[in-house]
Number of protein chains: 2
Amino acid sequence: MSVQERKQRERADRERLIVATARELAEQQGWDAVTTRRLAERIEYSQPVLYSHFRGKREIIGAVALEGAADLAAAVRAAVAPADGPRARVGALAGAYLDFAERNPAVYDAMFQLEGGLAFAQEDTPEQLKDAFAALLETLGEVAGDGIHPGVFTEVFWASLHGLATLTRAGRLPREYTEQRLDLLVDRLSSI
Amino acid sequence: MSVQERKQRERADRERLIVATARELAEQQGWDAVTTRRLAERIEYSQPVLYSHFRGKREIIGAVALEGAADLAAAVRAAVAPADGPRARVGALAGAYLDFAERNPAVYDAMFQLEGGLAFAQEDTPEQLKDAFAALLETLGEVAGDGIHPGVFTEVFWASLHGLATLTRAGRLPREYTEQRLDLLVDRLSSI
DNA sequence: TCGATTGTCTAGCAGTGCTAGGGTCGACTC
DNA sequence: GAGTCGACCCTAGCACTGCTAGACAATCGA
């Protein structure tokens, strides 16, 4: 029995290695550079090994996305915790979100730009994604305002942050007024 | 001389054909299906012909994006024109924007998601892109509010719309409350 | 009519995601 | 401890991608 257990453990370790390596490589050189060959070489196994863990590249991206969602949730909660008052919390949340997107562009892409084969806003949505949304809802629900569904408000706020994050990173928005834009968004959207 | 002119005209025609075909194919089957071989086959020329018009696939995507930007600007202006009052105009603009993204997903991707090798928010930004932003600015500048730079306000509003458009289309936001989200965004962001 | 130039096509390169098949090595059975 | 068996991994290869070199033909100017 213990032999099987060891094997399972080793398999799990290797799976984590694959995901971590994919993430690292993507952050270093972009997702285009994450080819199955390069990834296999980095983990020092042959290509087909990847396919014994994941159905294909998409699933690997999906695994990185799930990891990222957990990280994002943690980052947001950590930033919000020390802030006093709803307004400060929302500001901290927004800042932490954009900061995460900026510092982890590849992971952010895996979550929201690339096709990772993940289900969103459905019953079979992975726990990490639900929890990331919950992390936003916890703080943003406070400032939704009367008669506004907290979930819908959170979706709108999230979408706005997402728009700022992606357009800024893609060079569609000049980096100059990042802070003004963020302040404007927080001030206007929140029901004080 | 007129022979040269005819040739130039034919070349320009073919270039338009390439862009139109790429756009059509992308809307029909997604950008993944737009391979140089398939595109060449559809225009009934061999692959290398594409490279005598464009440096590569990226530039073709860029050309589609420019066309799309002109269309988007026109759509927004057409929707805004008949509306009375700033609030109605902003609502019409937002609706038209999301509608465009929904109806022309491939073109929208070419503009804002894919790498088309275009310069944004810079001096050498193509006229069509500047004009598309101007179309937004014309209406949104009205509701920026005192002490808020109209350009920055437009950027924020645009980013929010962009976020809603992309997250909705990628299945990240359920389609149910699309309208509520839009109303909320317009009501809160605009300075009445 | 003949050379030159322009234009287009065939063929091929290096790289992609993914998979079939053969071998090897380790784990159980007697 | 020896033999069998099965899990595991790797080599090799498929069909495809974007892109390009070089051969060839059609057209132009003299």
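Proteins come first, then strands; the chains are lettered A, B, ... in the order of their sequence lines, and each starts at number 1.
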Subject >> First of Arg14(A) and Gln47(B) reached from the 5' end of DNA chain D, by closest nucleotide >> reply: Arg14(A)
Subject >> salt bridge (charged side-chain N to carboxylate O under 4.0 Å, His left out) partners of Arg55(A), counting only residues at least two apart >> reply: Glu59(A)
Which part of the nucleic acid does [X] contact within heavy-atom distance under 4.0 Å: base, sugar-phosphate only, or nothing?
X: Ser46(A); result: base
X: Arg11(B); result: nothing
X: Arg38(A); result: sugar-phosphate

Over how many whole Å does the gap from [X] atom [atom1] to [N] atom [atom2] extend?
X: Glu10(B); N: dT8(C); atom1: CD; atom2: P; answer: 9 Å
X: Glu15(A); N: dC8(D); atom1: CD; atom2: P; answer: 13 Å
X: Leu25(B); N: dT17(D); atom1: CG; atom2: P; answer: 11 Å
X: Glu41(A); N: dC9(D); atom1: CD; atom2: P; answer: 18 Å
X: Asp32(A); N: dG18(D); atom1: CG; atom2: P; answer: 13 Å
X: Leu39(B); N: dC19(D); atom1: CG; atom2: C1'; answer: 14 Å

Original post:
Hey, does the side chain of Thr36(A) come within less than 4.0 Å of dC18(C)'s phosphate (OP1/OP2), counting only N and O?
Top reply: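 Answer is no, no contact under 4.0 Å.
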Original post:
When you check the phosphate oxygens OP1 and OP2 of dA12(D), does a side-chain N or O of Arg37(A) lie under 4.0 Å from one of them?
Top reply: no
Subject >> Shortest side-chain distance from Pro48(B), nucleotide among dG17(C), dT20(D), dT8(C) >> reply: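 Nearest listed nucleotide: dT20(D).
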Subject >> Out of dG12(C), dT8(C), dC10(D), whichever nucleotide has its closest atom nearest the side chain of Tyr45(A) >> reply: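 The nucleotide sitting nearest to the side chain is dC10(D).
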Original post:
Is there a chain of hydrophobic side chains (I, L, V, M, F, W, Y, each step under 4.5 Å between heavy atoms) that links Val90(A) to Leu136(A)?
Top reply: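 Yes, it is one cluster - the side chains of Val90(A) and Leu136(A) are joined through contacts under 4.5 Å.
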Original post:
Any chain of hydrophobic side-chain contacts (each under 4.5 Å) joining Leu182(A) to Leu185(B)?
Top reply: yes
**OP:** Name the orientation class of the two ring planes belonging to Phe133(A) and Trp158(A) (parallel below 30°, tilted from 30 to 60°, perpendicular beyond 60°).
**Re:**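 If you compare the ring of Phe133(A) with that of Trp158(A), the planes turn out perpendicular.
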Original post:
So which of residues 50-58 of chain B are in contact with DNA chain C, with a heavy-atom cut-off of under 4.0 Å?
Top reply: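 Residues of residues 50-58 of chain B under 4.0 Å from DNA chain C: none.
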Original post:
With a 4.5 Å heavy-atom cut-off, do Thr36(A) and Tyr51(A) have their side chains touching?
Top reply: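 Result yes, sub-4.5 Å side-chain heavy-atom pair found.
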Original post:
Partners of Tyr108(B) by ring pair (Phe, Tyr, Trp, His ring centres under 6.0 Å), sequence neighbours excluded?
Top reply: Tyr97(B), Phe112(B), His162(B)
Original post:
Under 3.5 Å, is there a donor-acceptor pair between the side chain of Lys57(B) and the main chain of Val34(B)?
Top reply: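 Answer holds: yes.
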